[in-house]
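Notes follow the structure.
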2 protein chains.
Amino acid sequence: MPRAGLTVERVTIAGAELADEAGFDQVTMSQVARRLGVKDASLYSHVRNLQELRGRIALLAADEKTIRIAEAVAGRAGRDALVAYANAWRGYAHEHPGRYLATQTPVPIDPDLAADAPGPRRAIELTYGMLRGYGLAEPDLTDAVRLLRSTFHGFVALEAANGFGHSRSTQESWGRSLEALHVLLEQWPTSDRGDHP
Amino acid sequence: MPRAGLTVERVTIAGAELADEAGFDQVTMSQVARRLGVKDASLYSHVRNLQELRGRIALLAADEKTIRIAEAVAGRAGRDALVAYANAWRGYAHEHPGRYLATQTPVPIDPDLAADAPGPRRAIELTYGMLRGYGLAEPDLTDAVRLLRSTFHGFVALEAANGFGHSRSTQESWGRSLEALHVLLEQWPTSDRGDHP
DNA sequence: ATTGCTTTCCTAGAGCTCCTAGGTTGAGGC
DNA sequence: GCCTCAACCTAGGAGCTCTAGGAAAGCAAT
């Protein structure tokens with residue numbers, strides 16, 4: 001009986017593929033084992049339990065998304081960088097809906113595991129870097145980062161949950177929203193004083 | 001043996017309470033039945049299956065959230081309305097995390113069921129009404145509605161998933177973001193022509 | 001080549017879950 | 001009292017998670 005050659009990584013990837021194809025809630029020990037041609041009990045040599053597997057998928061997705069954004073933003077600035085960043089984010093969510101959903105489920109992730117994954121932290125840094133050209137200073141910078149991330153995440157989440165009607169193309173709304181955010185960043189209302197000169 | 005007096009509504013409410021207390025993924029037939037002092041099989045007289053129960057919880061939450069927003073916005077306009085709307089949204093999500101999560105999970109909801117629930121549709125109308133004062137015309141109005149809803153949803157979703165670091169109070173970022181959105185709506189870049197007069 | 005160690009993968013099984021099928025019993029109308 | 005309907009039950013199949021312990025593949029050293 002030949003061995004399947006499982007590793008933590010292969011199990012995680014199989015789970016991630018399953019998440020994209022069948023939905024994140026279909027990521028179960030049994031299903032992942034079936035996909036790998038293995039009995040479900042065998043997975044427990046590589047992964048502590050289902051919760052840890054799902055957490056690993058979430059971290060994998062966060063890393064992948066971050067890398068994708070980093071590549072898209074590289075060498076760009078201002079509006080170009082904003083649009084590239086946002087499109088990379090949305091593109092990843094569209095192509096990997098299951099993995100993306102994994103990142104937003106409130107799974108308590110093992111801190112030791114999370115420490116190894118540079119994804120989430122680096123994603124924040126990337127956002128700060130992208131905003132450098134807009135001339136914002138703290139604490140406005142942090143607020144702007146949070147606003148942007150909220151909008152990107154909220155948009156793709158509502159898209160995925162069919163939260164938008166069918167009257168107008170979401171693609172167009174997306175483009176217009178990015179334009180609006182660009183304008184907003186250029187005219188950000190600073191917090192330390194009113195906007196009357 | 002006295003009857004528990006179950007109805008679809010009571011089952012749904014029990015599920016919603018359970019969602020808030022233990023998390024939406026803990027909403028199972030067994031758990032809800034246990035909470036109602038009943039065997040799980042008994043629930044199937046009132047609810048087709050677990051999926052329908054979760055869908056009903058999602059619709060209940062959407063209705064409750066919409067009512068809360070409607071009350072908050074009533075009689076207000078402009079910035080006041082925007083802030084009231086946003087705070088009502090976030091307040092509901094904070095007080096009912098399980099129900100709120102129910103609304104964003106991609107549960108395929110029975111169309112017949114959804115038709116009875118005025119929540120989602122009315123929520124959109126409310127958003128349009130709130131924006132009336134900003135003088136936007138279609139299709140910018142729709143784009144602005146989508147941007148706002150995305151931001152509100154994304155912010156509370158990231159808050160719930162611990163997506164923000166601990167460096168700055170989320171409450172402050174929230175307030176500043178609302179201010180920024182208000183400015184954005186006042187200076188929305190119209191789509192039919194450039195912004196050069 | 002044989003031995004021994006480690007890791008991989010297995011079988012077996014307990015306990016929980018969803019859901020169906022069919023039976024019993026309460027409550028209200030006649 | 002009796003009938004009917006609905007509410008609630010027991011029984012049971014099938015799938016899932018996870019543990020305990022066993023078999024065997026691969027590797028290293030003798």
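These numbers were taken from a predicted model, which means no experiment stands behind them. In what follows, chains carry the letters A, B, and so on, assigned in the order in which the sequence lines appear, proteins first and then strands, with residues in each chain numbered from 1.
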Original post:
Roughly how many Å is it from CZ in A:R10 to C1' in C:dT8, rounded to a whole number?
Top reply: 13 Å
**OP:** Answer whether the closest heavy-atom distance between the side chains of B:L185 and B:L148 falls below 4.5 Å.
**Re:** yes
**OP:** Take B:S45 and A:Y44, find for each the nucleotide of DNA chain D with the closest heavy atom, and name the residue whose nucleotide sits nearer the 5' end.
**Re:** B:S45
Are any protein N/O atoms closer than 3.5 Å to N/O atoms in nucleotides 13-16 of chain D? If there are, list each pair with its distance.
unit_1	atom_1	unit_2	atom_2	d
D:dC16	OP2	A:R34	NH2	2.8
D:dC16	O5'	A:S30	OG	3.3

**OP:** Give a yes/no on whether any side-chain N or O of B:H46 is located under 4.0 angstrom from OP1 or OP2 of D:dC8.
**Re:** yes
Original post:
Mapping B:T7 and B:A41 to their closest nucleotides on DNA chain D, which lands nearer the 5' end?
Top reply: B:T7
Original post:
Tell me: CD of B:Q26 to C1' of D:dT17, nearest whole Å?
Top reply: 13 Å
**OP:** Could you list by number each residue of residues 15-23 of chain B showing a heavy-atom separation from DNA chain C of less than 4.0 Å, or answer none if no residue does?
**Re:** none
Original post:
Is there a donor-acceptor pair under 3.5 Å between the side chain of B:R76 and the backbone N or O of B:A72?
Top reply: yes
**OP:** Output every pair passing salt bridge (charged side-chain N to carboxylate O under 4.0 Å, His left out) with a member in residues 65-75 of chain B, not counting sequence neighbours, ordered by first then second residue.
**Re:** B:R68-B:E95
Subject >> Whole angstrom value for the distance that separates C1' of C:dT7 from CG of A:L43 >> reply: 15 Å
**OP:** Measure the CD1-CD1 distance between B:I69 and B:I67 for me, rounded to the nearest 0.5 Å.
**Re:** 11.0 Å
Subject >> Cation-pi geometry met for A:R146 and B:F164 (6.0 Å, 45°) >> reply: yes
Original post:
For A:K39 and C:dA12, what is the distance between atoms NZ and P respectively, to the nearest whole Å?
Top reply: 10 Å
Subject >> cation_pi(A:R54, A:F24) dist<6.0 Å, angle<=45 >> reply: yes
Original post:
Is there side-chain contact between A:P97 and A:D20, with heavy atoms separated by less than 4.5 Å?
Top reply: yes
Subject >> Check ion pair A:R122-A:D63 (N to O, under 4.0 angstrom) >> reply: no
Subject >> Nucleotide D:dT17, atom C1' - distance to CD of A:Q51 in whole Å >> reply: 12 Å
**OP:** Measure from CG on B:D25 to C1' on C:dC16 and round the result to the nearest Å.
**Re:** 15 Å
**OP:** Please determine if A:R99 and A:E17 form a salt bridge, counting it only when a charged side-chain N lies under 4.0 Å from a carboxylate O.
**Re:** no
